[in-house]
Amino acid sequence: DKEYKHKEHKKDKEREKSKHGNSDHKDLEKKSKEKEKMKHKDGNKDKHKEKRKEEKTRITSMCAMSIKLIVAMETKVCTFTFLTRRVFVFRAEFKPKKIKTENDKKAKKRKQEDEVSRDLTDIKSKKTKSKKGEAADGKKKAKQEPEEKWKWWEEERYTDGVKWKFLEHKGPVFAPPYEPLPSNVKFYYDGKPMKLSPEAEEVATFFAKMLDHEYTTKDIFRKNFFKDWRKEMTSEEKSTITDLKKCNFSEMSEYFKAQSEARKAMTKEQKQKIKEENERLLQEYGFCIMDNHKERIANFRIEPPGLFRGRGDHPKMGMLKRRIRPQDIIINCSKDSKYPTPPPGTKWKEVRHDNKVTWLVSWTENIQGSIKYIMLNPSSRIKGEKDWQKYETARRLKKCVDRLRAQYREDWKSKEMRIRQRAVALYFIDKLALRAGNEKEEGETADTVGCCSLRVEHLKLHPESEGQEFVVEFDFLGKDSIRYYNRVPVEKRVFKNLQLFMENKEPDDDLFDRLNTSILNKHLQELMDGLTAKVFRTYNASITLQQQLKELTNADDNIPAKILSYNRANRAVAILCNHQRAPPKTFEKSMQNLQTKIDAKKDQLSDAKRELKSAKADAKVRRDEKSKKAVETKRKAVQRIEEQLMKLEVQATDREENKQIALGTSKLNYLDPRISVAWCKKWGVPIEKIYNKTQREKFAWAIDMADEDYEF
DNA sequence: CAAGCAACTTAGGAATCTACGA
DNA sequence: TCGTAGATTCCTAAGTTGCTTG
C-alpha cells in the first residue's frame with residue numbers, strides 16, 4: 001500500500017474499466033469499491049509536499065486583479081466573439097496553405113536567382129554594401145541600405161514539409177578554450193595551497209565564479225557539483241580533495257571579480273576593439289544563405305561549459321555542463337553548398353542534408369541528454385511563416401470556439417469519467433489559459449505541472465468563499481517554477497466534477513487520472529484541424545488584447561495616454577498568461593526614489609500653496625497691479641506643480657502594477673502582431689512606440705500587411 | 001498504448017547597452 | 001558630464017507537439 005503511486009493508481013482503474021466496460025454506472029460504482037481499498041493508505045508523502053510549498057512567493061494583489069479581469073474577460077470575450085462571428089462569415093477567409101500566388105515576374109526573378117552563384121561569400125559581398133564595391137560601381141545609389149527588404153510573406157510557401165531547397169552556413173562558433181589561472185591565484189584545500197590540474201581547475205573556476213550566488217549554498221547544488229568535479233580530477237587530486245567544505249575558492253573568486261572590474265574600466269578604444277571583433281564574428285558566422293536569401297542566425301555560438309543552473313528546485317543543479325567539441329556537432333546543410341569547415345585537426349560528428357528540418361547545427365547536451373540546435377533568427381522567413389501560421393490557427397479557433405465551448409459544457413455531464421475529465425481540463429485551459437501539462441520524469445526536472453498534470457494538492461475547493469459560490473483555489477508551480485495562484489469561481493457542474501475527481505485520492509494523486517496531453521490533443525485535433533492545447537493560450541491572449549484595446553483606447557487621448565492604454569491591455573494579457581518576473585533588484589530603491597520625489601513635490605506644492613495664500617492676502621491689502629500679478633504667477637506655479645505631482649503618481653502606480661508582471665513574453669509569443677499594427681495605424685501611434693527594432697524585424701510581415709481595420 | 005526521441009516554441013534572468021536626469 | 005535606471009539583447013532552460021519504436 002505504501003508503494004501505491006498515482007501511476008499504478010491510474011493503471012488499476014484502467015484495468016478495472018476495461019473489465020466493466022465504459023458505462024457510467026460501473027465507472028462510478030467502481031469508485032466506491034476503491035474507496036474501501038484505499039482507506040488504509042498512510043500519509044508518508046508530506047515530505048516533498050513541504051518542499052513544494054516553500055518556494056518563492058511572488059504573488060500579491062495580482063491575484064485579485066487577475067480574477068476580476070478574467071471574469072470580465074469571459075463575459076466580454078463571449079459577446080465579442082458572438083458579435084463578430086457573423087462579420088467573419090461574410091468575409092473572404094484566409095487560405096492557410098497558399099498565401100498569394102507568386103506573380104509571374106517574381107517567379108521569373110526567383111528562377112534567375114537560382115542560376116546565380118550560391119557561394120556564401122559571393123552573395124554576402126553582393127548584399128553588404130561594401131564601400132569598395134560601391135566605389136567601384138560608381139554610379140550606384142549612394143547610401144541605400146543593403147537593398148529592399150525581402151517580403152517573404154508575398155511568396156508561395158512550401159507545402160510538403162520541405163523547409164528549404166538550399167542551405168549554406170559557416171557552422172558554429174565554439175566557446176573560447178580554457179585559460180589557466182596565473183600562478184599567483186591559488187586554490188586552497190584545508191588551508192593549504194594546492195595546484196590543480198587544468199581540467200580540475202577549470203571546473204573549480206566555474207564554482208568560484210558563482211560563489212556569491214545563493215546557488216552554491218544549496219545542498220543539491222554542492223553535491224552535484226562535487227560529484228562531477230571529482231570526475232575531472234587526477235587520481236591524486238581525487239584522493240586529497242574529499243570534502244567540499246574544505247575547499248577555498250576565494251582567491252579565484254576575487255581574481256574573477258577583479259577581472260570584470262578591469263573589463264569595465266577599459267578605455268573606449270579597447271572596448272571599441274572588442275566590439276569590432278564581435279561584429280566581425282557576427283558577419284562571418286551570424287548569417288546563412290537559405291534559398292537565395294541571407295538570413296540571420298539566432299544562436300551561432302555554442303553554449304560554453306559551466307555548471308548547470310536549473311530553475312526552481314532542480315535535482316540536477318550544479319552538475320557539470322561539458323564543453324562541446326567539433327566531434328559532438330552535427331551539421332545540416334545542402335549537399336550542393338560549401339560545407340562549414342571544422343576547426344583545424346578536428347572533425348564534425350556528421351554532416352547531413354535534411355531539408356525537412358530548420359536547424360543548421362545540433363548537438364546532444366549532457367545534463368538531460370536532450371538535443372540542442374542552432375536555428376534562425378525570428379526575423380527569418382522560416383520562423384516568420386510559422387509564427388504567422390500560428391496566429392491563423394488561433395483565428396480559426398475563434399470561429400469555432402463557441403461550438404467547442406458548448407461541447408465541453410455538454411461533456412461535463414457525460415457518463416464517462418474520461419470525458420468529464422477531458423471537458424473540465426479543457427475548460428481550465430480555455431478559461432484560465434493554463435498550459436497543457438505533460439507528465440515529467442520524476443527526479444529529472446523540477447516538480448512543476450500544467451493542466452493535465454495537476455495533482456489533488458494543487459487545488460482547494462471552497463463551496464463558498466468571500467460571498468462567491470464554487471470557488472476553486474489554484475496553487476501550483478508552472479513552467480520555470482513560476483507560481484500560479486488564483487481563486488476562481490467556476491460553474492456548479494465543474495465544481496461537482498472536481499469533487500468527484502478528488503474523491504478518495506491522496507494529495508499527490510493526479511487530478512485528471514484518465515487524461516494526459518496526448519489524449520487531450522488527439523481530441524482537439526478531431527474538433528478542429530490543427531487545434532492543440534496551446535492554441536487556446538494564443539487565441540485567448542490575442543482576443544483579450546484586441547478587446548481590451550477597444551475598451552481602453554480613448555479617441556481624444558494624446559499619444560502617451562494611448563500608449564498607456566496599450567500597455568494596460570498588454571498587461572491584462574500578461575496577467576492572464578501568468579507571465580511573471582522577479583521584481584527588479586533595484587525595484588524597492590527606485591520606488592523609494594520615486595516616492596522621495598513625490599514627497600518633495602508635495603512639500604513643494606504646500607509651499608507653493610502657502611505662498612499663493614500669502615500673495616492673495618497681500619493683494620487684498622495692497623490692491624495694486626503688481627501684487628495681483630504675483631497672485632497669478634503663484635497660482636500658475638501651484639497648478640504646474642500639481643500636474644507634475646500627478647504625473648509622478650501615475651508613474652508610480654504604473655511601475656507598481658508592473659512590479660512582477662513581464663509584458664515581453666506575451667508581446668513576443670502570444671499577441672497577433674497585426675492587432676497592434678492595426679491599432680497603431682488606426683490611432684496614429686508610431687509603431688516604434690510599441691515595438692523596438694528587434695520586434696519590428698520579427699513582425700515585419702505584420703507591419704507590412706495589416707491595415708487599420710484588421711480584425712483578429 | 002507507453003516510452004523515448006526529435007524538433008520547435010516559449011520563458012525568465014543575466015549581461016550589456018543607452019538615454020536621461022542630477 | 002557622469003552615473004545609473006531602464007531598455008535591449010543574449011542566453012539557455014523548460015515547455016509543447018508529433019513521431020517512432022517496441
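Numbered from 1 within each chain, the chains take letters A, B, ... in sequence-line order. What you see is a predicted model; the values in this text were computed from it and never measured.
Within 4.0 Å of A:Thr358, counting heavy atoms only, lie sugar-phosphate atoms of the nucleic acid but no base atom. The residue A:Gly664 sits apart from the nucleic acid: no heavy atom pair falls under 4.0 Å. In this structure, A:Phe308 reaches the sugar-phosphate backbone alone: every heavy-atom distance under 4.0 Å involves primed, P, OP1 or OP2 atoms, never a base. Residue A:Pro304 is in sugar-phosphate contact alone, with no base atom involved, counting any heavy-atom pair closer than 4.0 Å across all strands shown.
When rounded to the nearest whole Å, the span between CD of A:Glu303 and C1' of C:dC10 equals 12 Å. Following rounding to the nearest Å, A:Lys440 (NZ) and B:dA2 (C1') show an atom-to-atom distance of 19 Å. When rounded to the nearest whole Å, the span between NZ of A:Lys264 and C1' of B:dA15 equals 10 Å. Between the CZ atom of A:Phe536 and the P atom of C:dG15 there is a distance of 22 Å, given to the nearest Å. Here the C1' atom of nucleotide C:dA13 and the OH atom of A:Tyr215 are 10 Å apart, to the nearest Å. For A:Asn355 and B:dA7, the CG to C1' distance is 15 Å, given to the nearest whole Å. If you take CH2 of A:Trp388 and P of B:dT9, they are 16 Å apart, rounded to a whole angstrom.
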Which is it for A:Ile687 and A:Arg696 under the side-chain contact (heavy atoms from CB on, under 4.5 Å) test, yes or no, and what are the steps along the way?
CA-CA 8 Å; A:Ile687 194 78; A:Arg696 290 198 300 277; 3.9 Å; yes
Any chance you could lay out the ring pair (Phe, Tyr, Trp, His ring centres under 6.0 Å) test for A:Phe308 and A:His314, step after step, and finish with the verdict?
CA-CA 10 Å; A:Phe308 176 78; A:His314 198 117; 5.0 Å; yes
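The side chain of A:Asn669 places no N or O atom within less than 4.0 Å of a non-bridging phosphate oxygen (OP1 or OP2) of B:dT9. Put simply, A:Arg581 has no side-chain N or O that comes within less than 4.0 Å of OP1 or OP2 on C:dA7. Of the side-chain N and O atoms in A:Lys390, none sit less than 4.0 angstrom from OP1 or OP2 of B:dT9. Contact check, A:Asn299 against C:dC11: no side-chain N or O comes under 4.0 Å of OP1 or OP2. Taking side-chain N and O atoms only, A:Arg263 has no distance below 4.0 Å to OP1 or OP2 of B:dA15. Contact between the side-chain N/O atoms of A:His314 and the OP1/OP2 oxygens of C:dA14 is found at a separation under 4.0 Å. Applying the 4.0 Å criterion to OP1 and OP2 of C:dG18, one finds that A:Thr532 has every side-chain N and O outside that range. Close to B:dA11, at under 4.0 Å from its OP1 or OP2, lies a side-chain N or O of A:Tyr670. Checking the phosphate oxygens (OP1, OP2) of C:dA14, no side-chain nitrogen or oxygen of A:Ser370 falls inside 4.0 Å. Remark: A:Ser518 is not in phosphate contact with B:dC1, judged by side-chain N or O atoms under 4.0 Å from OP1 or OP2.
A:Leu434 is not listed as a side-chain neighbour of A:Asn578, based on a closest heavy-atom distance of 4.5 Å or more. Here the side chains of A:Arg674 and A:Phe712 are not in contact, with every heavy-atom distance at 4.5 Å or above.
Remark on DNA chain B: of its neighbouring residues A:Lys386 and A:Gly369, the 5'-side contact belongs to A:Gly369, judged by nearest-heavy-atom nucleotide. A residue-by-residue look at A:Lys693 and A:Lys321 shows that A:Lys693 has its nearest nucleotide of DNA chain C further toward the 5' end. Nearest-nucleotide mapping onto DNA chain B: of A:Ser362 and A:Asp387, the residue sitting toward the 5' end is A:Ser362. Both A:Ala446 and A:Gly530 lie near DNA chain C, and the one whose nearest nucleotide falls closer to the 5' end is A:Ala446.
Checking C:dA14, B:dG13, B:dC8 against the side-chain heavy atoms of A:Ala582 singles out B:dG13 as nearest. You'll find that the side chain of A:Arg311 is closest to B:dG12, out of B:dG12, B:dC8, C:dT9. Comparing C:dA13, B:dA7, C:dT17 against the side chain of A:Met375 picks out B:dA7 as the nearest. Checking C:dT16, C:dT9, C:dA13 against the side-chain heavy atoms of A:Arg435 singles out C:dT16 as nearest. Nearest to the side chain of A:Asn438, among B:dA11, B:dC8, C:dT17, sits C:dT17. For A:Lys534, the side-chain atoms get nearest to B:dT9 when compared with the rest of B:dA11, B:dT9, C:dC11. Comparing B:dA6, C:dT8, C:dC10 against the side chain of A:Arg296 picks out C:dC10 as the nearest. For A:Thr665, the side-chain atoms get nearest to B:dA11 when compared with the rest of B:dC8, C:dT9, B:dA11. Among the nucleotides C:dA13, B:dC8, C:dT17, the one closest to any side-chain atom of A:Lys372 is C:dA13.
For A:Lys479 against B:dT10, a side-chain-to-base donor-acceptor contact under 3.5 Å is present.
Classification of A:Lys273 and A:Glu277 as a salt-bridged pair fails, no side-chain N sitting under 4.0 Å from a carboxylate O. No salt bridge links A:Lys321 with A:Glu365; every basic N to acidic carboxylate O contact stays at or beyond 4.0 Å. Checked for salt-bridge contact, A:Asp354 and A:Lys163 miss the test: no charged N lies under 4.0 Å from a carboxylate O.
In this structure, A:Ile297 and A:Tyr285 approach most closely via the heavy-atom pair CD1-O, 3.4 Å.
A:Lys349 meets the side-chain contact (heavy atoms from CB on, under 4.5 Å) test with A:Ile330; sequence neighbours excluded.
Within a 6.0 Å radius of CD in A:Gln259, other residues, nucleotides and ligands contribute more than 12 heavy atoms.
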Please enumerate all protein N or O atoms sitting under 3.5 Å from an N or O of nucleotides 19-22 of chain B, with distances to 0.1 Å.
none

